[in-house]
Undergrad: 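The structure's right below; bear with me while I get my questions together.
In this chain, numbering begins with 1 at the start of the sequence shown.
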Amino acid sequence: MHGAHGNRLRTGVLAVGALVAGAVLLLAVLHSPPGADRRAAYSQQQPGTKVPFWVDPDGNAARQADALRAKGREDDAELIERIAAQPVAEWIGGEHREPEVRNLTTAAAEAGREALLVLYNIPHRDCGQYSKGGAANGAAYRRWLAGVVEGIGDRPATVVLEPDALPHIVDGCTPPEFHKERYALLAEAVDRLKELPATKVYLDAGNPRWISDPGRLVEPLNRAGIRRADGFALNISNYQTTERNTEYGKELSRMVGGKPFVIDTSRNGNGPLPGRDNSEGWCNPPGRALGEPPTTRTGEELVDAYLWVKRPGESDGTCKGGPKAGEWWGRYALELAANAGGGNPVE
């Protein structure tokens with residue numbers, strides 16, 4: 001359930017005001033010409049003291065902004081630039097091999113930033129739902145992982161490991177005969193990634209609406225190697241508020257040795273769709289908004305970062321008229337940005 005997949009500092013519309021953080025960067029983006037020159041403006045990156053992650057100057061959002069401006073839709077282009085100017089995660093699946101990962105991490109390192117990666121290729125992924133797939137078996141996963149590790153190398157990276165893999169064990173979606181192998185693969189992945197000199201690893205732990213009792217995640221996280229990981233990740237591809245995730249994460253942290261955590265804030269600006277726990281609530285729900293922009297300055301000791309892990313504008317799946325999971329959906333991207341509002345001072 002890739003799609004099944006606040007904060008005390010947020011008062012009123014603080015998230016809105018911060019969405020275009022970095023006034024100099026924003027002005028450079030808004031007033032540079034289309035194409036390569038505009039992408040050169042994006043490559044200035046966000047201030048490293050605020051967020052160390054790489055902004056892809058040629059991502060889907062930047063391309064959509066160029067296309068909108070070419071059609072004279074200036075206001076819409078500026079909305080999409082709220083996404084294009086922020087670092088978003090690169091999702092690494094079975095189709096990605098060592099050269100692609102190397103190119104990503106090299107581009108980030110050359111820009112003086114670190115890559116933000118999501119590894120998403122566990123066998124029996126997503127229980128046959130919108131994001132089904134993954135490696136054919138454990139041996140195939142290990143071969144793929146070896147290539148990813150080689151591609152990261154000694155370049156700095158933060159990795160979110162296998163969204164949904166553990167929550168789908170807890171909720172019973174993944175058949176019991178696959179549990180032992182899944183735990184082994186996750187633990188091995190943590191070990192392999194932590195052997196690298198500049199890589200941080202966060203195991204996915206779902207969200208507070210999905211697994212409401214965090215105690216149910218303790219044994220799965222322990223078996224998957226949480227003690228060797230840097231922490232865990234919450235709210236991947238979901239819409240739960242930052243405040244609720246923070247409270248939940250603190251409770252779970254106390255149960256797993258005080259580990260810190262990261263929160264996906266990419267689309268939680270308006271919180272979840274009220275009263276909906278099924279696919280109506282997590283698959284392309286209407287009325288949602290961009291959340292707090294990525295930053296490591298969260299004001300919470302245990303919250304290492306707010307991240308845009310789910311790439312705003314990419315579909316959760318073929319629901320509500322959306323394309324297949326992971327494909328760019330320009331209309332939804334515009335809705336997320338427009339619903340976040342605007343006009344407040346930047347940080």
Side-chain angles (χ1 to χ4, degrees), residues 1-10 12-16 18-19 61 79 82-83 86 88-89 91 118 120 126 129-131 160 163-164 167-168 171 202 204-212 214 217 232-249 252 261-295 298 303 305-323 325-329 331-341:
M1 194 159 52
H2 163 68
H5 315 331
N7 181 354
R8 291 174 188 158
L9 298 179
R10 177 166 66 181
V13 288
L14 176 60
V16 170
L19 277 171
L79 284 174
R82 297 179 176 186
I83 299 172
Q86 298 293 347
V88 296
W91 288 66
V118 182
Y120 194 54
D126 203 31
Q129 299 179 86
Y130 289 121
S131 295
V160 175
D164 306 341
H168 271 155
D171 72 6
Y202 295 87
D204 180 61
N207 66 72
R209 177 175 282 187
W210 188 357
I211 309 296
S212 59
L217 283 159
F232 56 91
L234 295 176
N235 206 46
I236 306 305
S237 299
N238 210 269
Y239 303 84
Q240 307 305 307
T241 65
T242 304
E243 181 178 18
R244 187 175 182 190
N245 276 287
T246 300
E247 293 171 354
Y248 182 89
L252 179 55
F261 54 98
V262 297
I263 301 172
D264 183 357
T265 60
S266 57
R267 306 182 299 177
N268 73 347
N270 283 345
L273 194 65
R276 302 293 179 91
D277 289 320
N278 57 15
S279 63
E280 287 294 311
W282 63 257
C283 191
N284 302 323
R288 303 309 94 200
L290 301 173
E292 288 97 341
T295 185
T298 67
V303 184
Y306 302 143
L307 304 175
W308 284 9
V309 181
K310 173 67 177 182
R311 300 160 69 89
E314 290 188 358
S315 176
D316 290 321
T318 53
C319 56
K320 305 181 185 66
E327 286 193 2
W328 185 257
W329 190 11
R331 181 174 65 79
Y332 200 66
L334 279 169
E335 181 181 347
L336 289 168
N339 288 342

Undergrad: According to the interplanar angle, ranging from 0 to 90°, do the rings of Phe261 and Phe232 count as parallel (below 30°), tilted (30 to 60°) or perpendicular (above 60°)?
TA: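 Geometry flag for Phe232 against Phe261: parallel rings.
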
Undergrad: Which heavy-atom pair separates Gly313 from Ala333 by the least distance, and what is that distance?
TA: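 Answer, listing the atom of Gly313 first, then Ala333: CA-CB, 3.6 Å.
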
Undergrad: Between Ser315 and Trp329, is there a donor-acceptor pair closer than 3.5 Å when you use the side chain of the first and the backbone of the second?
TA: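 Not confirmed, Ser315 side chain does not pair with Trp329 backbone.
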
Undergrad: Starting at OG of Ser237, measure out to CH2 of Trp91 and round the result to the nearest 0.5 Å.
TA: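 Nearest 0.5 Å value for the OG-CH2 distance: 4.0 Å.
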
Undergrad: Are the side chains of Tyr248 and Asn235 in contact, using a 4.5 Å heavy-atom criterion?
TA: no

Undergrad: Classify the side-chain pair Trp282/Asp316 by whether it contains a donor and acceptor separated by less than 3.5 Å.
TA: no

Undergrad: Going from CG on Leu234 to OG1 on Thr265, what distance comes out if it is rounded to the nearest 0.5 angstrom?
TA: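 With rounding to 0.5 Å, CG (Leu234) is 12.0 Å from OG1 (Thr265).
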
Undergrad: Report the distance from atom OG of Ser266 to atom CD1 of Ile83, rounding to the nearest 0.5 Å.
TA: 9.5 Å

Undergrad: How long is the straight-line distance from CD1 of Ile263 back to CG of Asn245, given to the nearest 0.5 Å?
TA: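 These two atoms lie 5.0 Å from each other.
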
Undergrad: side-chain contact (heavy atoms from CB on, under 4.5 Å) with Val88: which residues, sequence neighbours excluded?
TA: Trp308, Arg311, Pro312

Undergrad: What is the distance from atom CG of Asn207 to atom CG of Asn268, rounded to the nearest 0.5 Å?
TA: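 It is 11.0 Å, given to the nearest 0.5 Å.
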
Undergrad: On a heavy-atom basis, which atom in Gln86 and which in Pro294 lie closest, and how many Å separate them?
TA: OE1-CD, 3.4 Å

Undergrad: Specify the closest pair of heavy atoms between Gln240 and Pro272, including all atoms of both residues, with the distance to one decimal.
TA: NE2-CB, 3.6 Å

Undergrad: Can you see which heavy atom on Tyr239 is nearest to which on Pro285, and at what distance?
TA: OH-CD, 3.2 Å

Undergrad: Tell me, with the steps shown, if Asn238 and Arg209 meet side-chain contact (heavy atoms from CB on, under 4.5 Å).
TA: CA-CA 10 Å; Asn238 210 269; Arg209 177 175 282 187; 5.6 Å; no

Undergrad: Please report the closest heavy-atom contact between Leu252 and Ala205, naming both atoms and the distance.
TA: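 Residues Leu252 and Ala205, closest heavy atoms: CD2-CB, 4.0 Å.
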
Undergrad: Verify side-chain contact (heavy atoms from CB on, under 4.5 Å) between Leu336 and Arg288, making sure each step is shown before the conclusion.
TA: CA-CA 6 Å; Leu336 289 168; Arg288 303 309 94 200; 3.9 Å; yes

Undergrad: What is the distance from atom OG1 of Thr241 to atom CG of Asn270, rounded to the nearest 0.5 Å?
TA: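 Answer rounded to 0.5 Å: 11.5 Å.
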
Undergrad: Quick one: are Trp210 and Asp171 in side-chain contact, heavy atoms under 4.5 Å?
TA: yes

Undergrad: Taking all heavy atoms of Ile211 and all of Pro167, pick out the closest pair and write down the distance.
TA: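 Nearest heavy atoms, Ile211 then Pro167: CD1-O, 4.1 Å.
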
Undergrad: For Tyr332, run the side chain to side chain contact (heavy atoms under 4.5 Å, CB included) check against Glu314, Arg267, Lys320 and tell me which one passes.
TA: Arg267

